[in-house]
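Data block below; observations after.
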Amino acid sequence: MTNFNRFQKLIAIANEHGIMYKALPEEYLIASLPGYDDFLLAFSWSGTVAEQPPEQELIAISLQDITKEITIAAWQIPPYLFGNVLRQSQMLVTAYEDFMLGINNS
């Protein structure tokens, strides 16, 4: 699959999940995590699964706290798990915010 086709597939996956993204020239997308404007999702194609055909490519996803400028989590997943990781990211941010609130109140 050409880089252009791979990038178009990544855009289609983002659109399918209602992600409002910005495409960057380096062939990755960035977006606010739905429901959490202070958290950023960045995703791109990562590579292929070992011993699998090239169509079994992985998406690299990172979740970042914009205000603290840190990466909270990162995944490399097959495309069919994208929706699960999106939901997991939202749950992780909720737990992260609760944890940070606890630290700030102690």
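Position 1 is the first residue of the sequence, and the numbers go up from there.
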Mind checking side chain to side chain contact (heavy atoms under 4.5 Å, CB included) for [X] and listing every partner two or more places apart, or none if nothing turns up?
| X | answer |
| --- | --- |
| L101 | N105 |
| A12 | none |
| D38 | T67 |
| T94 | Y36, D98 |

Ring centres under 6.0 angstrom apart (Y21, F43):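 No - the distance between ring centres of Y21 and F43 does not fall below the 6.0 Å cut-off.
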Residues that Y96 engages under ring pair (Phe, Tyr, Trp, His ring centres under 6.0 Å), provided they are two or more places apart: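 Testing Y96 for ring pair (Phe, Tyr, Trp, His ring centres under 6.0 Å), a comparison that skips the adjacent residues, returns F39.
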Pairwise distance CD1(I72) to CG(L33) - rounded to 0.5 angstrom: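 With rounding to 0.5 Å, CD1 (I72) is 9.0 Å from CG (L33).
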Rounded distance (nearest 0.5 Å) linking atom CD1 of I61 with atom CD1 of I77: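 I61 CD1 to I77 CD1: 3.5 Å, rounded to 0.5 Å.
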Which residues share a side-chain hydrogen bond (donor to acceptor under 3.5 Å, both in side chains) with S62, sequence neighbours left out: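 In terms of side-chain hydrogen bond (donor to acceptor under 3.5 Å, both in side chains), with neighbours along the sequence ignored, S62 is linked to Q64.
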With N15 via side-chain hydrogen bond (donor to acceptor under 3.5 Å, both in side chains) - residues at least two apart: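 For N15 there are no side-chain hydrogen bond (donor to acceptor under 3.5 Å, both in side chains) partners, ignoring immediate neighbours.
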side-chain hydrogen bond (donor to acceptor under 3.5 Å, both in side chains) pairs, two or more places apart, involving residues 69-78: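 Of all non-adjacent pairs touching residues 69-78, those that pass side-chain hydrogen bond (donor to acceptor under 3.5 Å, both in side chains) are S46-Q76, W75-Q88.
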R6 backbone acceptor or donor facing W45 side chain under 3.5 Å: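 Yes: the side chain of W45 pairs with the backbone of R6.
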Other cluster members, Y28 - Ile/Leu/Val/Met/Phe/Trp/Tyr, side-chain contacts below 4.5 Å: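 Direct or chained contacts put Y28 with L24, I30, L40, I66.
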